[in-house]
Amino acid sequence: MTQLQGAWESYTENRTDPSGRPYDDDAYRLAEQQRSTAAWAAYEPVSLLAARLVASAENRLPQVSGARPGWVSQLGILTSATHGLDAVRGSWEAELDRLPPNARPGTPAYDTIATERDAAAWPLLELWALHGQTILDIRAAAGPSRNGLQTTAPVPPVTSTSNTPAARR
């Protein structure tokens, strides 16, 4: 996420005037859409674990001697962002359930709601990009976990051949 954020900042610096207005509105909107889609894709593998990761860091914080002053507020920001992203996901899933069975990625109906999801998620994902390192910093400062939460284990993809709305996600 931080690489994506850095690339976006570089893009913005080079394609906007000093007041922040894009030189080419259409190209800028397309780039925003691509950025937001990439951010959602980066967050998706950990999205179902995000609240657990934040809670684990909050629980381990008392074990850390010399905790950084900003960690508590950063965890609060991550908690709020996670709740917001859960709401975005819920809205997205509700919209998917209303789509006709032939709506798949690449169709206008599907792509429209995916674009809306990505745009709504971006500000919250940016918060994760800015503050997510806090979780890793707390984990490193607290030492090995006693509860066995493995934050570095890959999450296997969910696959389905079903034609239900949930399978089209």
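Along the sequence shown, the residues carry numbers beginning at 1.
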Review point. According to the salt bridge (Lys or Arg N to Asp or Glu O under 4.0 Å) rule, which pairs have a member within residues 70-86, sequence neighbours left out?
Key: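 For residues 70-86: none.
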Point to revise | Polar contact flag, side-chain donor to acceptor under 3.5 angstrom, Arg117-Ser91 | key: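 No, no side-chain donor-acceptor contact under 3.5 Å.
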Point to revise | Contacts of type salt bridge (charged side-chain N to carboxylate O under 4.0 Å, His left out), residue Asp25, not counting sequence neighbours | key: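 Asp25 satisfies salt bridge (charged side-chain N to carboxylate O under 4.0 Å, His left out) with Arg21 once adjacent residues are dropped.
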Exercise for review: Quick one: list whatever passes salt bridge (charged side-chain N to carboxylate O under 4.0 Å, His left out) with Asp137, sequence neighbours left out.
Suggested key: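 Asp137 satisfies salt bridge (charged side-chain N to carboxylate O under 4.0 Å, His left out) with Arg68 once adjacent residues are dropped.
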Check your understanding: To the nearest 0.5 Å, how far apart are CG in Leu99 and OG1 in Thr112?
Key ->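 The distance works out to 9.5 Å.
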Review point. Say you draw a straight line from CG of Leu78 to CD1 of Ile135; how long is it, rounded to the nearest 0.5 Å?
Key: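 The CD1 atom of Ile135 is 5.0 Å from CG of Leu78, to the nearest 0.5 Å.
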Practice item. Evaluate side-chain contact (heavy atoms from CB on, under 4.5 Å) for Thr82 paired with Val54, printing each intermediate quantity in order. Key: CA-CA 9 Å; Thr82 300; Val54 175; 4.3 Å; yes
Is a side-chain donor or acceptor of [X] paired with a backbone partner of [Y] at a separation under 3.5 angstrom?
| X | Y | answer |
| --- | --- | --- |
| Ser73 | Gly70 | yes |
| Ser36 | Gln33 | no |
| Tyr110 | Ala103 | no |
| Ser47 | Glu44 | yes |

Review point. Could you walk me through whether Leu53 and Arg139 pass the side-chain contact (heavy atoms from CB on, under 4.5 Å) check?
Key: CA-CA 10 Å; Leu53 291 169; Arg139 179 185 169 101; over 6 Å; no
Exercise for review: Report the C-alpha distance between Ile113 and Leu96 in whole Å, list the side-chain angles of each, state the deciding distance to 0.1 Å, and finish with yes or no for side-chain contact (heavy atoms from CB on, under 4.5 Å).
Suggested key: CA-CA 8 Å; Ile113 65 168; Leu96 278 179; 3.7 Å; yes
Close side-chain approach of [X] and [Y], heavy atoms under 4.5 Å:
| X | Y | result |
| --- | --- | --- |
| Trp92 | Asp118 | no |
| Ile138 | Leu75 | yes |
| Glu93 | Val88 | no |

Practice item. Would you kindly confirm whether Leu48 and Leu124 end up in one hydrophobic cluster when ILVMFWY residues are joined by side chain heavy atoms under 4.5 Å apart? Key: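 In one cluster with Leu48: Leu124, no.
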Practice item. Treating Ile, Leu, Val, Met, Phe, Trp and Tyr as nodes and any side-chain heavy-atom pair under 4.5 angstrom as an edge, say whether Trp40 and Leu30 lie in one connected cluster. Key: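 In one cluster: no.
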Point to revise | Where Gly106 and Asp111 come nearest, the two heavy atoms and their spacing | key: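 Looking at all heavy atoms of both residues, the closest pair is N-OD1, 2.9 Å.
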Point to revise | Closest contact, heavy atoms only, Ser19 versus Asp17 | key: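 Answer, listing the atom of Ser19 first, then Asp17: OG-OD1, 2.6 Å.
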Exercise for review: Check the angle between the aromatic planes of Trp128 and Tyr43 and answer parallel, tilted or perpendicular using the 30° and 60° thresholds.
Suggested key: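 Ring orientation of Trp128 relative to Tyr43: tilted.
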Review point. Charged N to carboxylate O below 4.0 Å: is that the case for Arg29 and Glu32?
Key: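 Answer for the salt bridge query: no.
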